[in-house]
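In what follows, a structure is listed as structure tokens, so that the remarks can point back to it.
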Amino acid sequence: MNLPTELKYTENDEWIRVEGGKGTAGITDYAQEQLSDIVFVEVSVSVGEKVEKGAAMASVESVKAAADVYMPVSGVITAINEALPGTPELVNSDPYGQAWMVKFDIAEPGQVDGLLDAAAYQKHCEERSH
Amino acid sequence: MAYIPHTDEERRAMLAAIGVGRLDDLYDAVPADVRFPDLDLPEPLSELEVMQELQMLAEANLDTRHFACFLGAGAYNHFIPAAVDQILRRGEFYTAYTPYQPEISQGTLQAIFEYQSLLCNLTGMDVSNASHYDGATALAEAVILALNHHRGKRRKVILSPAVHPHSRQVVRTYSQGMGLTILGDEACCNGPADLARLIDADTALVAVQYPDFFGHIVDFRELADAAHAAGALLCVAVNPLTLGLLQPPAAFGADVVVGEGQPLGIPPSFGGPYLGIFTTKNEFVRKMAGRLVGETVDSRGQRGYVLTLTPREQHIRREKATSNICTNQGLMALASAVYLSLMGKAGLRRVAELCYHKAHYAAEAIARLDGYRIWNEAPFFHEFVVACPRPVAEINDHLLTEYDILGGYDLGSSYPELRDHMLIAVTEMNSREQIDDLVQALEEAAHA
Amino acid sequence: MPEPLIYELSSPGRPGVPLPQPDVPLAELPTGLTRDELPLPELSEADVIRHFTRLSTFNYGVDTGLYPLGSCTMKYNPKVNEEAARLTGFAFSHPLQDPQTAQGNLALMYRLQEWLKEIGGFAAVSLQPAAGAHGELTGILIVRAYHQSRGDTKRTKILIPDSAHGTNPASSTMSGMQVVELPSDGRGNVDLQALRQACDETVAGLMLTNPNTLGLFEEHVREVVDQVHKCGGLVYGDGANMNALLGVVRPGDLGFDVLHYNLHKTFSTPHGGGGPGSGPVGVSRALVDFLPGPLVEIVEAGDDEEPPLYGLVMPAKSIGRVKAFHGHFGMLVRAYTYIRMQGKSGMRAIADHAVLNANYLRARLRDVYHIPHDRICMHEFVAEGRWDDAPDVRALDIAKRLMDYHFHPPTNYFPLIVHEALMIEPTETESKRTLDEFVEALKSIAREAHETPELLRSAPHNTPFGRLDEVQAAKQLVLCCRPAELGQA
């Protein structure tokens, strides 16, 4: 399982890259593996929108499952990945790179500290699979 | 014990294999004090006897094969070619389950794909699902689609009073836990202009019927524009058979087209099973409830079909599903696909024209009768409203006892303003003689 | 070889069904309102019959062979039911006819209501809901309406076991309720501890399938029902698995307040390739007024000379209509016919042989397939479609390989709480001989899984079609055929 250590993670399988006051988010390698071939991605927020931590910002679908993707922290959206809907398979092949879903200005930097680091997230995934 | 093949010998061997002594031992987990109730049911009948009993029950009804039928109001007496039932009686179709195992269900899957195609082409919309229970529940699902489209932020639905009363009731039943405001149908004569005035930024959906419940063919283009200008969706409920002649609703901006498919090769059958048509535009396909068949290939490179976009459905999304629907009306969708294939481009047009011409012949003759007045001024298809000189129930009584005619629908039972108004439907099944009898009967009934 | 699409078989000008000429003067067609093009195919009757006949040969139905789909109760569909439903007086009666002219229909519906009440142990039954999921929605709306009518508006939660069918939570959400999932205990029952903790004055009710989706009779069903009632909630029964209970126990006697029946499962009406079904709802005395309507009631008592007069009556506090007209009358006729032929003694015989058949299969397969809850089951049981020492093979592969042995696979991947689940429900209409053949096939597949797993992973081989590419179907949505694409008008 690919787990870049510079990223932070949520229990709902989102990752966030923090650079200064700006964040980028998507879903993890673990998530895409669980879902298998992704056939559809829809980002449901728009540029300029303030979205709270835990609110739905996207949904992904594979042949056998559908999942909502939530904001890891509160933020104001500055960009959404326009390429994703046309090439949903990027979520499988490059979940942390080309399959980023939203970029945003972080509204409450304190929330980042409450997220999981790579090791904690790995443990969380191990506990879930049996 | 009908349909239970076991011999005593087999029962013994099976119990032994399981390791219990008697059949009763299989139920230890069931609380003893309520176990094995003495059911108050009649003793079994043989097949011979049950058919005799059913024959008697069936003959205790009047039916549209033995009585001239001028009753419509959402269920119609149409010609059904014999070939439709031949196909429906094939065990491979009607005893099959939902096609979750596509390798051995290509019959069902391709037939549904063809049904979807036929309905898209008939309504002019981009995509059709594999059907809902009936036209009324399809309309309720359209409301749900509109609510989801607006992410729950709009809570108002505008319903034309000329949408079938049962459909409007079902919409209200379905949405009673959703905190919606449903309005527009308080007065029977609220037309498109009245409905347009009600549209605001909280409106999720405007729903109309075409032809409407009173038989009118109404121009909805301005209403469609008003809805879209406010960001609301327009849903049109159709009688699909009329689309053999009339402009499809896609032409005037419908976002969702639903309807009752019973006229397409399905007998009236005292109200069911019928066929809920649901079609929409591509942009709403993922918000559409119900089963959907898509084209693909198999491992041998052959074209084939599968249920697709299943993550929308309840068995995956569970409490997040947009709808709980599980069954479609598989066999009835097949019936309509066979019917439309048999009728074809020329046949459906011809049936629609026969309905139209016969209805207009009837209306003109009735308009000339003293005491009767045609209520519609607008163009109509094959149903029209007649203001009567006496209560509809009394007139229908006379029609039935003197002429063996099943008369039209008593509109007073659904619209308080329309007491003594009858909704008359005429189809290709009504001969000129039957129509002439109807006119004569109505004339007599006015004086009787 | 695949069959062309109906549009691909179309030929311009090909005559279809002959129709009569108009026998009335032609009226003027409405200007500007008629369509120019009608994109329907043009075929002869023989073309159409051949096309759909050929399509039917790609299908497997109960009429073809064993169809052991757990939770679906694919029992044999009696042909007399088909005859009955097609009697002219039933098939060609109009739903809005004066009830006085439809007394045969109403008598049939009234008796069916009474029989279902008796079988389920309920005070009243509505025949209106069109399918099981529809019945569930109806039932949860009734629960909601009941609490609202008593001013108890805090009750917004529905408790649902994790083993439940997906329609249960979906129906609850549609009714505006919040779903709270309850775990199952180690023996597959509702976890009583979790239930006790969840029960409070915000709970409207619990949805319970009994036997549950593991095919097991809830071992503490009385405690479960009492616990929910104690905190003021109602118990909704999902009657999908009623085949095991006929004549054995009545859900009403166990304290269930509302239940939906599946006529297309328990009462032999055919599945039709996905429908139509029928999902009547039964309720306890306290909920009678909330049923969807209209119901059929006796409006004038009969006597020795005259039968009673039946009429349609709307319950006093009805949640409203859930469907146009009266329900799936054609399926009601079939269910009536079935119950009439089974009668009082037949009910118990159905359950006995359904449970006997399921336990027989379980007994013969338990050494070859792991059965997580290996005790006396009801009408179905769940096995795991996997082995530790055959890591490449999954339930899906076993299912596909079964097709090569001319059996329809069992239900896959449900319930979610068993890995690689195979839910097997033979029903009572299968003979020991068929069951033995099925066992042999499954044993053979188990051997193949260990010796030649590739045979399973590339199965099916002997069917007209191989595995279908579901990923492609979802990624490149092709949901209809346009005649314009084929060069047709």
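All values below come from the heavy atoms of this structure, side chains included, with hydrogens, waters and symmetry mates left out. For clarity, every value in this text was computed on a predicted model and none was experimentally measured. In the text below, chain A, chain B and the rest are named by the order of the sequence lines, each starting its count at 1.
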Go through the atoms of [X] and report whether side chain, backbone, both or neither lie under 4.5 Å from a heavy atom of chain C.
X: S167(B); answer: neither
X: I87(B); answer: side chain
X: D40(B); answer: both
X: S431(B); answer: both
X: P42(B); answer: both
X: Y361(B); answer: side chain
X: L406(B); answer: side chain
X: A58(B); answer: both
X: P379(B); answer: side chain
X: M178(B); answer: side chain

| What residue, out of D63(B), I104(B), L62(B), has the most heavy-atom pairs lying under 4.5 Å from chain C? | I104(B)
| message | Heavy-atom pairs under 4.5 Å with chain C - which of V306(B), V50(B), I112(B) has more of them than the others? | response | V50(B)
| query | Checking R348(C) against F36(B): charged group under 6.0 Å from the ring centre and within 45 degrees of the axis? | reply | yes
With a 4.5 angstrom heavy-atom cut-off, is it the side chain or the backbone of [X] that approaches chain B, or both, or neither?
X: P15(C); result: neither
X: K400(C); result: side chain
X: S431(C); result: both
X: I376(C); result: side chain
X: N357(C); result: both
X: L477(C); result: side chain
X: L254(C); result: side chain
X: A85(C); result: neither
X: R144(C); result: side chain
X: L69(C); result: side chain
X: R86(C); result: side chain

Check whether [X] reaches the backbone of [Y] with its side chain - one donor and one acceptor, N or O, closer than 3.5 Å.
X: E45(C); Y: A83(B); result: no
X: E295(B); Y: L479(C); result: no
X: D352(C); Y: M347(C); result: no

| query | Between D298(B) and Y305(B), is a side-chain hydrogen bond (donor to acceptor under 3.5 Å, both in side chains) present by the stated rule, with each step listed? | reply | CA-CA 9 Å; D298(B) 78 350; Y305(B) 301 90; over 6 Å; no
| request: Kindly compute the distance separating OH (Y97(B)) from OG (S105(B)), expressed to the nearest 0.5 Å. | output: 11.0 Å
| message | Between H353(C) and Y360(C) (judged by ring centroids, cut-off 6.0 Å), do the two rings come close enough to count as a pair? | response | no
| message | Taking the six-membered ring for Trp, are Y133(B) and H134(C) closer than 6.0 Å centroid to centroid? | response | yes
| said: Which residues pass the ring pair (Phe, Tyr, Trp, His ring centres under 6.0 Å) test with H408(C), not counting sequence neighbours? | reply: Y60(C), Y67(C)
| Sequence neighbours excluded, which residues qualify as side-chain contact (heavy atoms from CB on, under 4.5 Å) partners of P44(B)? | S345(C)
| Does the pair S93(C) and N61(B) meet the rule for a side-chain hydrogen bond (donor to acceptor under 3.5 Å, both in side chains), with working shown? | CA-CA 7 Å; S93(C) 52; N61(B) 298 322; 4.7 Å; no
